[in-house]
Amino acid sequence: MGKNPKGAEMNGTPNTATAGVTDTVRVRMAPSPTGFLHIGGARTALFNWLFAKHHNGTFILRIDDTDTARSTDESMHEIYDALKWLGINWDEQYVQSERRNIYDRYVSQLLESGNAYRCYCTPEELEEIRAQARADKLTRSYDGRHRHLTSEDVERFVAEGRKPVVRIKMPDTPILVEDIVLGSRSIDPDTLEDEVIVRSNGMPNYNLTSIIDDAEMQITHVIRGTEHLNNTPKQIAIANALGLGVPQFAHIPLVLDSSGRKMSKRHHGDLVAVNRYREQGYLPEAVLNFVARLGWSYDDKQEIFSVDELIEKFDLARVGKSGSVFDIKKLEWLNSHYINQLDVSARTDAVIPFWQAEGLINSTGQRDWLENIVEAVGERLTTLQDIIPQTRYFFTDEFEYEPKAVKKWWGGSEEKKEKTREILTNLLQILEETPSFDVETVETAIWKYTDENDIKRVAAMQALRIALTGTSFGPSLFDIVALLGRDEVLKRIPKAIANL
RNA sequence: GCCCCCGUCGUCUAGCCUGGCCAAGGACACCGCCCUUUCACGGCGGCGACACGAGUUCAAAUCUCGUCGGGGGUACCA
């Protein structure tokens with residue numbers, strides 16, 4: 001694979017040869033709709049999409065729903081939603097269950113050419129074969145025993161009510177698998193067994209439909225997870241038997257959990273659900289940037305990539321071979337970066353749904369006030385969801401005084417508590433008398449009090465902070481006082497004193 | 001069991017193809033200091049890796065072989 005010859009195009013060279021793969025790339029993302037889109041799937045989608053965009057190609061979404069028992073409409077829509085949220089848009093879309101006749105046609109061809117055959121083995125029989133093969137340390141289990149059935153055999157099986165599957169006859173010559181990421185290798189045919197390509201209920205199987213559709217849809221590059229590596233020679237064998245060409249393959253390393261195992265819906269649940277990250281207040285830019293760097297890098301310094309930069313810089317040649325551990329800390333870092341990147345207005349827009357979901361606001365009529373709150377919170381959000389603990393007290397005075405904060409700043413002993421009551425009482429009086437309630441006036445008044453009475457600033461400030469917010473952390477206290485307003489502040493201090 | 005893939009700081013990685021510039025660079029995390037009304041931000045500093053063993057070579061993280069370790073697959077799932 002050569003470099004993208006963009007330069008040649010810019011020169012306006014009027015030939016087609018120099019364009020190379022640039023304008024003919026066709027890739028696909030082929031999820032099976034058996035659950036939410038998971039993080040690994042999102043990365044596969046992203047790599048395909050980036051590759052397509054980079055080469056001015058076509059990105060196709062193909063729903064591989066041949067497993068009718070597990071596929072659901074709901075899941076299909078969840079996948080659409082997740083992809084749209086990420087901004088990964090597709091140019092063409094196909095659903096495999098609507099393409100039965102195409103697969104049936106190819107199966108007939110395989111049967112007629114003698115490259116496939118019906119197998120009447122029962123599940124029990126297959127189980128036995130497997131067990132025996134394992135005991136004998138064989139490299140494959142199914143032994144092709146129904147390759148050459150007599151018509152009497154068939155009649156007998158049919159009479160017994162057995163429903164056959166269709167199996168592909170694997171070749172007896174090595175299969176060359178070329179992979180852009182992993183390199184080339186030759187697969188010993190003795191390790192391949194006659195795969196089932198059509199189930200006994202007549203439904204075709206993944207290895208068959210996948211490679212047929214790749215050919216039918218003129219896919220040029222198959223970019224998928226390495227869990228499919230062992231399927232590749234099988235699919236190539238099927239394509240060969242059908243006389244179809246095969247795309248180029250690029251198997252990307254797995255996304256692993258912290259103990260090094262493949263992330264899966266089954267074992268990791270919500271942790272891998274893309275939609276879950278959206279609900280928790282992650283930005284799509286952050287998720288995209290994060291998964292892009294799982295298994296791919298541009299150079300030895302750049303970590304932050306806008307989508308446009310990703311498109312410009314993505315290259316399969318820089319995809320690594322080993323699996324990558326999903327580290328949520330890094331995602332969080334990226335997320336806070338992208339949140340901070342938003343201006344106050346955009347950040348307010350982003351955060352409003354979270355306030356609403358929490359029941360803290362019901363209209364946006366107080367827009368200016370909300371923006372001021374967001375401004376005061378500043379760079380304290382790791383996720384949008386963090387806006388709740390950071391700002392709850394602005395919307396209600398029904399909050400708990402955090403025990404740890406109380407103990408540390410209000411005092412563990414009665415003596416210290418008494419001192420705190422005194423400070424709060426004095427502050428109350430100062431704030432009652434202060435001519436205006438803007439940040440500067442309040443600040444001046446409070447500093448004057450602490451400094452003149454030889455009270456530690458931090459002690460007074462934290463005592464007041466807890467009285468006003470119930471917590472020991474958050475935005476500048478003067479901002480909080482100003483945003484809460486005189487009435488609210490003068491109401492909360494006595495209440496705090498009473499609770500001391 | 002069998003088949004296949006992989007192996008640089010705790011994590012993501014640069015470097016490996018085209019041996020020397022690598023007493024291995026960056027980022028996240030962690031720790032410390034500074035800033036500071038708190039918590040974050042930010043600034044500065046610290047901790048920290050070539051899986052192991054042979055071989056080739058003047059020289060190996062880089063090439064070769066072996067060992068060990070990890071992972072994926074092994075379905076009438078995809």
Side-chain angles (χ1 to χ4, degrees), chain A residues 30-34 64-67 69-71 119 121 123 126 130 133-141 163-167 177 179 182-183 185 187-188 190-193 195-207 209-210 224-233 251 253-254 256 258-262 290 293-304 318 320-334 336 340 377-382 386 390 405 409 443 446-447 450 456-462 464-466 469 471-478:
Chain A
S32 62
T34 56
D64 281 9
D65 61 345
T66 53
D67 184 355
R70 294 198 307 150
S71 300
C119 166
C121 289
L126 290 173
R130 254 194 298 276
R134 197 174 179 133
D136 294 344
K137 302 192 176 193
L138 264 29
T139 60
R140 60 181 170 192
S141 55
K163 293 268 188 286
V165 299
V166 178
R167 287 182 186 269
V177 177
D179 191 282
L182 298 172
R185 71 213 157 95
I187 302 301
D188 180 349
D190 290 342
T191 66
L192 264 19
E193 62 183 56
E195 291 289 320
V196 172
I197 54 174
V198 180
R199 299 170 170 87
S200 55
N201 67 5
M203 209 46 194
N205 253 339
Y206 166 74
N207 280 127
T209 60
S210 184
R224 60 179 20 162
T226 49
E227 71 265 30
H228 288 297
L229 197 56
N230 293 314
N231 286 325
T232 309
H251 287 92
L254 266 15
L256 313 171
S258 54
S259 52
R261 289 170 187 281
K262 178 175 131 182
F290 175 66
R293 287 283 289 97
L294 247 31
W296 173 84
S297 67
Y298 177 65
D299 58 19
D300 63 345
K301 47 179 80 78
Q302 189 170 1
E303 293 289 343
I304 307 284
R318 293 201 60 87
K321 295 180 178 182
S322 51
S324 325
V325 173
F326 178 98
D327 178 14
I328 193 134
K329 289 288 188 186
K330 186 137 183 192
L331 208 208
E332 287 176 352
W333 171 69
L334 283 164
S336 66
N340 296 340
V377 168
E379 301 188 327
R380 272 169 268 251
L381 302 179
T382 294
D386 288 346
Q390 282 287 346
W409 297 105
E443 181 172 351
I446 292 182
W447 282 169
T450 55
K456 274 190 186 153
R457 287 184 170 191
V458 63
M461 297 297 276
Q462 286 300 77
L464 183 58
R465 176 185 293 279
I466 295 164
T469 72
T471 68
S472 60
F473 62 87
S476 163
L477 187 54
F478 301 119

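Everything numeric here is computed off the predicted structure, so don't read it as measured data. Just so it is clear: chains get the letters A, B, ... in the order the sequence lines come, proteins before strands, and each one is counted from 1.
Atom pair Ile328(A):CD1 and C12(B):P shows a separation of 15 Å (rounding to whole Å applied). Straight-line distance from the CG atom of Asp190(A) to the P atom of C4(B): 11 Å, rounded to whole Å. Rounding to whole angstrom units, NZ of residue Lys321(A) and P of U8(B) are separated by 13 Å. Spacing between atom CG of Leu381(A) and atom P of C41(B) amounts to 12 Å, rounded to whole angstrom units. At whole-Å resolution of the value, CD in Glu332(A) and P in C12(B) are 17 Å apart.
Nucleotide C2(B) forms a pair with G73(B), judged by Watson-Crick or G-U wobble geometry with both contacts under 3.5 Å. Both distances falling under 3.5 Å, in either a Watson-Crick or a G-U wobble arrangement, occur for no nucleotide opposite C39(B). Nucleotide C21(B): unpaired (no Watson-Crick or G-U wobble partner with both distances less than 3.5 Å). Shown here, C68(B) forms a base pair with G7(B); the pair counts as Watson-Crick or G-U wobble because both key distances fall under 3.5 Å. Base pairing analysis places G55(B) opposite C63(B); the two distances defining the Watson-Crick or G-U wobble pair are each below 3.5 Å. Across all strands shown, the partner of G45(B) is C31(B), judged by Watson-Crick or G-U wobble contacts whose two distances both fall under 3.5 Å.
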Going through the checks in order, is the salt bridge (Lys or Arg N to Asp or Glu O under 4.0 Å) test met by Arg70(A) and Asp67(A)? CA-CA 6 Å; Arg70(A) 294 198 307 150; Asp67(A) 184 355; 2.9 Å; yes

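Using atom C1' as the reference point in both A61(B) and C16(B), the two lie 7 Å apart (nearest Å). Taking atom P in both C52(B) and G69(B), one finds a spacing of 15 Å when rounded to whole Å. G25(B) and G48(B) have their P atoms separated by 12 Å, given to the nearest Å. For the C1' atom pair drawn from G55(B) and C9(B), the interatomic distance equals 28 Å after rounding to whole Å. With both ends at atom P, the span from G20(B) to C12(B) equals 25 Å, rounded to whole Å. Comparing the C1' positions of G42(B) and C35(B) gives an interatomic distance of 8 Å, to the nearest angstrom. Comparing the C1' positions of G10(B) and G46(B) gives a spacing of 16 Å, expressed to the nearest Å. For G7(B) and U13(B), the C1' atoms lie 14 Å apart once the distance is rounded to whole Å.
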Nucleic acid footprint by protein, nucleotides 66-78 of chain B - heavy-atom cut-off 4.0 Å, B for base, S for sugar-phosphate alone: -----SBS-SBBB

Using a 4.0 Å cut-off on protein heavy atoms (strictly under), produce a 5'-to-3' string for nucleotides 18-37 of chain B with B for base contact, S for backbone-only sugar-phosphate contact, and - for none. -------BBBSS-------B

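Judged by distance alone, the side chain of Arg380(A) and the main-chain N or O of Val377(A) form a donor-acceptor pair under 3.5 Å. Judged by distance alone, the side chain of Arg318(A) and the main-chain N or O of Trp296(A) form no donor-acceptor pair under 3.5 Å. Listed for the Asp299(A) side chain is a donor-acceptor partner under 3.5 Å among the backbone atoms of Gln302(A).
Using a 4.0 Å heavy-atom cutoff across all strands shown, Gly295(A) reaches sugar-phosphate atoms only and no base atom. At the heavy-atom level, Ser472(A) lies under 4.0 Å from base atoms of the strands shown. Using a 4.0 Å heavy-atom cutoff across all strands shown, Arg318(A) reaches sugar-phosphate atoms only and no base atom. Using a 4.0 Å heavy-atom cutoff across all strands shown, Leu192(A) reaches no nucleic acid atom at all.
In this structure, Cys119(A) and Arg167(A) approach most closely via the heavy-atom pair SG-NE, 3.3 Å. Across every non-hydrogen atom of Ser322(A) and Pro253(A), the tightest pair is O-CB, 3.1 Å.
Here Glu303(A) pairs with Arg293(A) in a salt bridge; the nearest charged N to carboxylate O distance falls below 4.0 Å.
For His251(A) and Thr232(A), the side-chain atoms include at least one donor-acceptor pair closer than 3.5 Å. Residues Glu193(A) and Ser141(A) have side chains that bring a donor and an acceptor to within less than 3.5 angstrom of each other.
Residue whose closest nucleotide on RNA chain B sits further toward the 5' end, between Gly474(A) and Ser322(A): Ser322(A).
Between Phe478(A) and Trp447(A), the ring center distance clears the sub-6.0 Å criterion.
Glycosidic conformation of C47(B) is anti; the angle lies outside 90° of 0.
Counted within 6.0 Å of CZ on Arg261(A), heavy atoms from surrounding residues, nucleotides or ligands total 12 or fewer; the atom is thus considered open.
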